[in-house]
Amino acid sequence: MNHTLDVVIPAGGDPGLLQRCLVALLCDGHDIDLRVIVVANGPASSQNQASAELLLRAFEDERQTLIVVTNTCPGKTAALNRGDRERRGGAVLYLDADTIILPGTLAAIVAGLATDEPLLVAPPMVLVRPEGRLERGFASVWPRLSGMENDVVGAGVYATNPAGRRRWSAFPPIAADDLFVRSLFARSERKLLAAGGFLFNLPRRWDLIRAKRRWDHGNRTLAGLHDVRPGNLPTRSFRSRLGDVARLWREGPALACFVLLALSARLTRGENDDAAAWIGPKPPPIAPVAPRRPRIGICIVTHNNADEIRACLTSLKSCWSELSIRIEDNASVDGTADLVRQAECRTKIRANPVNRGFAASVNRLAVDFGEEVDHLLLVNPDVELASDAIDQLIAASLASEAEAIVGGRMMRHDGSVDPHNCLAEPSLRQSIAFALGLRHWPGGKWLDPDALGGWGRTGIRAVPALTGATLLINRALWDRLGGFNEQYFLYGEDVDLCIRAKRLSGAPLFTGFARYIHQGGASSASDSERWVAILRGKVSLYRQHLPALRSRLARWLLLGGVTLRAMAETSGLARRTIWRDLWRNHNLWRHGWPQPDHSAK
């Protein structure tokens with residue numbers, strides 16, 4: 001198989017986005033003869049050129065080629081035509097500079113194009129969805145429209161082989177270059193790849209309406225070209241729209257959000273919808289990333305985890321990054337530290353004579369790594385990661401335009417999804433839901449804030465808070481936050497970190513592509529002891545992040561919820577058998593974790 005691939009990137013936007021795009025290509029391009037051609041054009045051409053040149057050394061170290069050229073003619077299609085002059089003539093991938101590919105994408109493209117017949121391929125599109133209800137609704141419906149689902153759409157990522165590239169000479173001066181190329185290939189000549197994917201950041205609020213106007217304008221312009229084959233384009237006739245509504249009616253609120261945004265874009269469209277002029281507040285600059293393959297510092301805190309630690313360490317693999325592993329053992333008496341020393345020569349471990357707590361131990365490990373890592377990966381010792389989980393976390397982090405905290409999809413040993421790795425922020429409504437057990441009521445997914453509307457923990461989206469069984473956090477953000485709040489001995493420190501990160505414009509982000517199995521509670525002597533720690537963490541979160549009156553009410557509701565469950569346990573209705581113990585020992589948790597004593601300072 002020919003493992004040669006050229007990548008043409010027109011770069012006219014934020015240089016921070018281009019840098020993230022190139023890092024993803026660098027990480028995924030192993031075992032491929034890769035030539036990446038960046039065409040810097042537009043008002044940010046000098047910045048884009050400088051951003052690409054920062055990565056020149058990294059590409060050379062990986063025995064890959066990065067070429068940076070400047071284009072004097074404005075427009076994306078002019079940049080594509082300029083980049084084509086630097087190609088070697090083999091398979092080619094056209095890639096927008098604001099796109100992040102997922103692990104395994106380049107290998108899937110090369111394998112998919114290994115034919116002499118004309119072929120157009122693209123990896124699946126994965127929308128990075130913000131928290132807004134309208135945007136989430138649009139994201140749920142848009143990829144499933146007729147002519148888009150299970151077909152090559154483009155959206156800034158499409159590839160063809162030499163026979164396919166001969167279908168056209170040059171790109172015409174239109175915005176919809178991807179649909180123009182699609183129109184030249186019949187349905188049998190288009191292939192949506194099964195592996196890989198690319199992350200598409202969905203614009204927010206009014207930006208999404210403006211983007212929809214530009215997309216519609218590009219499609220109308222495309223329809224006027226004489227060499228376009230309309231039968232190969234997504235049909236948007238009245239009949240097809242009616243068919244989409246009939247097929248997607250079960251989506252309900254999501255379909256209503258999509259229709260509202262589509263109508264808004266249609267009613268506000270103008271003559272200059274293809275222009276890229278910014279209207280409204282200027283977006284914040286994209287957070288920079290290191291111009292190299294990421295360096296990941298893995299922090300593991302153990303306490304009597306001899307039964308789980310070996311499987312955890314074996315699962316720590318990555319093709320996209322360089323891994324360093326440090327462990328702090330908190331007074332284990334089951335030989336955990338000895339097992340680590342025997343099993344992993346690449347792992348450094350420090351054994352404490354006393355249990356310092358999870359938050360304090362992670363903070364010490366982060367200090368030990370110093371500036372030698374770009375990200376910290378916090379992993380519980382009772383976690384087993386999928387083979388590509390770390391790479392998927394890195395890809396999601398690159399897709400975030402802010403400094404990110406990224407969590408994956410937590411699974412149970414039976415293969416079911418554990419939804420507790422994504423939670424709502426502490427609130428009075430959350431405590432009411434716990435007190436009344438709303439999650440178990442009919443329609444509980446809408447009543448319990450922690451259910452996040454019944455979302456199945458799929459895809460990639462911003463979330464209110466993540467829990468810390470497996471978390472990847474940008475090192476610069478960690479330093480700005482000062483690490484974990486050591487007031488939290490165990491449980492609650494991860495939610496507190498996410499809340500503080502959001503105040504600094506950090507982004508808690510969930511990716512369903514990074515999967516891991518979490519046993520849960522392995523460091524606790526009993527289920528009752530674990531729940532005491534969980535409730536102490538909840539009380540501390542309410543006390544720290546809610547106003548005084550609401551905090552007091554939330555804590556009383558928490559106590560009321562335990563009381564009701566203890567009564568249900570007495571009558572034989574409760575599923576668990578710990579609530580009476582928690583009620584009898586409520587003084588152990590109702591005041592939360594001890595607050596720091598500032599009087600001694």
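Remember, it's a predicted structure, so these values are computed and weren't measured experimentally.
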Please report the closest heavy-atom contact between [X] and [Y], naming both atoms and the distance.
X      : Y      : result
Ile499 : Pro426 : CD1-CD, 3.4 Å
Tyr491 : Ala533 : CD1-CB, 3.4 Å
Leu509 : Ala462 : CD1-N, 3.6 Å

Quick check against the 3.5 Å criterion: does [X] have a side-chain atom that pairs as donor or acceptor with the backbone of [Y]?
X      : Y      : result
Arg412 : Val417 : yes
Ser551 : Pro547 : no
Asn474 : Glu403 : no
Asn380 : Ile300 : no
Asp28  : Leu106 : yes
Glu569 : Trp579 : yes
Ser315 : Leu385 : yes
Ser332 : Asp334 : no
Asp414 : Ser416 : yes
Ser540 : Gly537 : no

TODO: Please name all residues satisfying side chain to side chain contact (heavy atoms under 4.5 Å, CB included) with Glu486, sequence neighbours left out, ordered by chain then number.
DONE: Ala360, Asn363
TODO: Could you pull out all residues at least two apart from Arg584 that satisfy side chain to side chain contact (heavy atoms under 4.5 Å, CB included)?
DONE: Arg580, Asp581
Task: Pair listing, ring pair (Phe, Tyr, Trp, His ring centres under 6.0 Å) test, anchored in residues 350-397, at least two apart - done: Phe358-Phe484
- [ ] Measure the acute angle between the ring planes of Trp593 and Phe489, then classify it against the limits of 30° and 60° as parallel, tilted or perpendicular.
- [x]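 Aromatic pair Trp593/Phe489 classed tilted.
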- [ ] Report the relative orientation of the aromatic rings in His586 and Trp583; use parallel for angles under 30°, tilted for 30 to 60°, perpendicular for over 60°.
- [x] parallel
Please tell me if the side chains of [X] and [Y] come closer than 4.5 Å, counting only heavy atoms from C-beta onward.
X      : Y      : value
Leu376 : Leu472 : no
Thr470 : Leu378 : no
Val38  : Asn48  : no

Distance, nearest 0.5 Å, that separates [atom1] of [X] from [atom2] of [Y]:
X      : Y      : atom1 : atom2 : value
Trp531 : Arg565 : CH2   : CZ    : 7.0 Å
Gln64  : Leu5   : CD    : CG    : 10.5 Å
Leu339 : Ile309 : CG    : CD1   : 9.0 Å
Ile473 : Leu481 : CD1   : CG    : 5.5 Å
Gln47  : Gln19  : CD    : CD    : 11.5 Å
Leu22  : Arg20  : CG    : CZ    : 12.5 Å

- [ ] Check each of Thr105, Thr99, Leu102 against Phe198 using the side chain to side chain contact (heavy atoms under 4.5 Å, CB included) test, and report the only one that passes.
- [x] Thr99
TODO: Please say whether more than 12 non-hydrogen atoms of neighbouring residues, nucleotides or ligands are located less than 6.0 Å from CZ in Arg480.
DONE: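 Result for CZ/Arg480: enclosed.
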TODO: For atom CZ of Arg439, decide whether the heavy atoms of other residues, nucleotides or ligands shown that lie under 6.0 angstrom number more than 12.
DONE: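 Enclosed.
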Salt bridge flag under 4.0 Å for residues [X] and [Y]:
X      : Y      : value
Asp368 : Arg350 : yes
Lys317 : Asp391 : no
Arg293 : Glu322 : no

Task: Derivation of the side chain to side chain contact (heavy atoms under 4.5 Å, CB included) call for Arg341 and Asp338 - done: CA-CA 5 Å; Arg341 294 187 182 103; Asp338 294 334; 3.3 Å; yes
- [ ] Could you check Phe510 against Trp455 for ring-ring contact (aromatic ring centres under 6.0 Å, His included), going step by step and ending with a plain yes or no?
- [x] CA-CA 12 Å; Phe510 167 89; Trp455 168 53; 4.9 Å; yes
TODO: Could you please spell out the steps behind the side chain to side chain donor-acceptor pair (under 3.5 Å) verdict for Asn305 and Thr336?
DONE: CA-CA 6 Å; Asn305 296 111; Thr336 299; 5.6 Å; no
Open item on the list: side chain to side chain donor-acceptor pair (under 3.5 Å), that's the test. Do Asn330 and Ser361 meet it? Break it down for me.
Closed with: CA-CA 8 Å; Asn330 278 328; Ser361 296; 3.0 Å; yes
